[in-house]
Chemist: 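Starting off with a structure, shown below.
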Protein chains: 2
Amino acid sequence: MARRSQAERSDATTGQLTTAARRLFGTEGYATTSIDAVAAAAGVTKGAAYHHFKGKADLFRAVFVREQEEVAAELERVALAAPDSWTALRHGVRAFLERCTDPAFRQIVLLDGPAVLGWDGVREIEYDHILRVLTMGMRAAAADGRLADGDLPIRAQMIFGALCEAGMLLARSGDPAAALLAVEAEAEDLLSAFALAQTR
Amino acid sequence: MARRSQAERSDATTGQLTTAARRLFGTEGYATTSIDAVAAAAGVTKGAAYHHFKGKADLFRAVFVREQEEVAAELERVALAAPDSWTALRHGVRAFLERCTDPAFRQIVLLDGPAVLGWDGVREIEYDHILRVLTMGMRAAAADGRLADGDLPIRAQMIFGALCEAGMLLARSGDPAAALLAVEAEAEDLLSAFALAQTR
DNA sequence: TTGACGGCCATACCCGGGGTATGTAACTTC
DNA sequence: GAAGTTACATACCCCGGGTATGGCCGTCAA
């Protein structure tokens, strides 16, 4: 192996570890995957893992954060490409639901995340990524007069919960394409809940 | 101890075990509570636990099911006491949110449940309890012309996801009473998403 | 250039806890 | 009341998370 700097070695190892962890956590689940298995899949030993991460939960956290970053980036990209704030929301919803097609994403973000990191833990991370993008999108729609006033953070959080459940639902469906349409229709109705015409 | 039948002994022991497990799982979380600790709190040993349950997950499942049964029963009671289908829905929502005030309920049903039993596992159980009651309530509201047509199971599932997130949210709030009002307002708007006046 | 220092990682080990095998006392059945 | 079954307790296995220690190599100052 050619001469490598310490930083290069570190980055390479952490990258191998998080990639392997993402694969194993996503397929086998958090509880049933061992640190040894992750390290072996990454081509290193447990010592390397415990050098870069405080423990198993910390490794999982790194995977979880990277997952959130990628989804948030894609959602932001989709939103920016949309002609107006309302279609930005709709396209974002569709992008999130399609992301839920990935079993590893569901296992890590939707199933194991809350149990491993606690609700405060996932909340803290999501608020800087997925929830941030969603809240911004809803704020823009509200500014455009497409959404009524109200508590936007609470509203975004509840919409997010509904979308997560919808993502699990269509993943279980025998006909994902048809389910996607049905779910999207319901999701649009949900967002329409806050359409301006509605009065309390 | 007086002479007891086998069935009485069994019922007493399983009751002690599930009660102790409910307390420990609810306070310490599933991963950090040991079978030994549960058995000790129940006044028996690990052998008794493994005699009545196939394993740790099975014990958790029993606790989870009982929790669902209790909530479903209360929701049904609240719904039946309501004058019409719409207020039945609203009172049910309130009852569920208040149940989320219990940290043990949140830990067991909302956080650990999906990770331990898998999504299919919780789905199967919830569909016979909370989701069943919610779907029935929405079906009644639809029959009364308070909800538009659509895919009711999907709709109920998504509403349920939103309510779970709302429950976690108001539990974290510094002022639960005020948060309850805000969350209830948003939840009503969500249900209004499917009000008959809405057209797609 | 070199030598000391520190970061990177492997090896060896501890130990808590899920799961199992076996023994024993109490209940049930005939 | 003897045989068989149920309801546990006890002792044990072993996987796996976490830690301690040592060695290799890049880094940096003199």
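A note on names: the letters A, B, ... follow the listed sequences, proteins ahead of strands, and every chain is numbered from 1.
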Chemist: Does a side-chain N or O of A:Thr45 approach OP1 or OP2 of C:dT11 to a distance below 4.0 Å, or not?
Modeler: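 The answer is no; no side-chain N or O of A:Thr45 sits under 4.0 Å from OP1 or OP2.
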Chemist: Would you mind classifying the nucleic acid contact of A:Thr14 as base, sugar-phosphate or nothing, using non-hydrogen atoms under 4.0 angstrom?
Modeler: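 A:Thr14: no heavy atom of the nucleic acid under 4.0 Å.
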Chemist: Indicate if B:Tyr127 and B:Met136 have the same hydrophobic cluster label, given that clusters are the connected sets of ILVMFWY residues with side-chain heavy-atom separations under 4.5 angstrom.
Modeler: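 Different hydrophobic clusters.
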Chemist: Without decimals, in angstroms, what is the distance between B:Leu17 CG and D:dA7 P?
Modeler: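 Atom CG in B:Leu17 sits about 13 Å away from atom P in D:dA7.
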Chemist: Do B:Glu67 and B:Phe25 have side chains that get closer than 4.5 Å, going by heavy atoms?
Modeler: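 The answer is no; the side chains never approach within 4.5 Å.
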Chemist: For C:dC8, does OP1 or OP2 lie under 4.0 Å from any side-chain N or O of A:His52?
Modeler: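 Looking at the OP1 and OP2 atoms of C:dC8, neither is under 4.0 Å from any side-chain N or O of A:His52.
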Chemist: Tell me: OH of A:Tyr50 to C1' of D:dG18, nearest whole Å?
Modeler: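 A:Tyr50 atom OH is separated from D:dG18 atom C1' by 5 Å.
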Chemist: Nearest to the side chain of B:Thr13, heavy atoms from C-beta on, is which of C:dG18, D:dT19, D:dC8?
Modeler: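 So the side chain of B:Thr13 is nearest to D:dC8.
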Chemist: Looking only at the side chain of B:Ala48 (C-beta and beyond, no hydrogens), which of the listed nucleotides D:dA9, D:dA7, C:dC8 gets closest?
Modeler: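 Given the options D:dA9, D:dA7, C:dC8, the side chain of B:Ala48 is closest to D:dA9.
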Chemist: Could you tell me how far apart B:Lys56 (NZ) and C:dT20 (P) are, to the nearest whole angstrom?
Modeler: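 For the pair B:Lys56 NZ and C:dT20 P, the rounded distance is 15 Å.
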Chemist: Can you tell me if A:Asp144 uses its side chain to pair, donor with acceptor, with the backbone of A:Arg146 under 3.5 Å?
Modeler: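 Side chain of A:Asp144 to backbone of A:Arg146: no pair is present.
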Chemist: Would you confirm whether B:Arg106, through its side chain, and B:Cys100, through its main-chain N or O, come within 3.5 Å as a donor-acceptor pair?
Modeler: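 Confirmed, B:Arg106 side chain pairs with B:Cys100 backbone.
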Chemist: Figure out the CZ/P separation between B:Phe53 and D:dA7, and round it to whole Å.
Modeler: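 The distance from CZ of B:Phe53 to P of D:dA7 comes to 12 Å, rounded to the nearest Å.
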Chemist: Round to a whole Å and report the spacing from CD1 of A:Ile35 to C1' of D:dG16.
Modeler: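 That distance rounds to 9 Å.
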Chemist: Heavy atoms within less than 4.0 Å of DNA chain D: which residues of residues 19-30 of chain A have one? Give them sorted by number.
Modeler: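 Close to the strand, none.
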Chemist: Kindly say if B:His51 contacts the phosphate of D:dC8, meaning a side-chain N or O under 4.0 Å from OP1 or OP2.
Modeler: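 So the side-chain polar atoms of B:His51 never come under 4.0 Å of the phosphate oxygens OP1 or OP2 of D:dC8.
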Chemist: Find the distance A:Asp11:CG to C:dC8:C1' and express it as a whole number of Å.
Modeler: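 Atom CG in A:Asp11 sits about 12 Å away from atom C1' in C:dC8.
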Chemist: Nearest-nucleotide wise, let me know which of B:Arg9 and B:Gly47 is further upstream toward the 5' end of DNA chain C.
Modeler: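 Nearer the 5' end of the strand: B:Gly47.
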Chemist: Tell me the interatomic distance from A:Glu8, atom CD, to C:dG7, atom C1', rounded to whole angstroms.
Modeler: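 It works out to 15 Å between those atoms.
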Chemist: Between A:Ala57 and B:Ser10, just flag the one whose closest nucleotide in DNA chain D comes earlier from the 5' side.
Modeler: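 Its nearest nucleotide lies further toward 5', so the answer is B:Ser10.
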Chemist: Taking B:Asp84's backbone N and O only, do any of them form a donor-acceptor pair with B:Thr87's side chain (distance below 3.5 Å, no angle check)?
Modeler: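 Indeed, once roles are kept as given, a pair shorter than 3.5 Å links the two residues.
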Chemist: Taking B:Lys56 for its side chain and B:Tyr30 for its backbone only, find out whether a donor-acceptor pair lies under 3.5 Å.
Modeler: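 Flag set: sc B:Lys56 to bb B:Tyr30 pair under 3.5 Å.
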Chemist: Please classify the nucleic acid contact of A:Thr32 as base, sugar-phosphate, or nothing, using heavy-atom distances under 4.0 Å.
Modeler: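 Contact class for A:Thr32: none.
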Chemist: Which of these nucleotides, D:dG18, C:dA10, C:dT20, is closest to any side-chain atom of A:Val44?
Modeler: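 In terms of side-chain proximity for A:Val44, the closest of D:dG18, C:dA10, C:dT20 is C:dA10.
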Chemist: How close or far is atom P of C:dG19 from atom CG of B:Asp36, stated in whole angstroms?
Modeler: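 Nearest whole value for this atom pair: 12 Å.
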Chemist: I'd like to know if the side chain of A:Gln16 reaches the main chain of A:Gly43, judged simply by a donor and an acceptor atom lying under 3.5 Å from each other, with no hydrogens or angles considered.
Modeler: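 No; judged by distance alone, with no hydrogens or angles, the pair does not exist.
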Chemist: Between the side-chain atoms of A:Lys46 and the base atoms of D:dG18, is any donor-acceptor pair under 3.5 Å?
Modeler: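 Answer yes: a donor N or O sits under 3.5 Å from an acceptor.
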Chemist: Between the main-chain N or O of A:Val38 and the side-chain N or O of A:Lys46, is there a donor-acceptor pair closer than 3.5 Å?
Modeler: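 Side chain of A:Lys46 to backbone of A:Val38: no pair is present.
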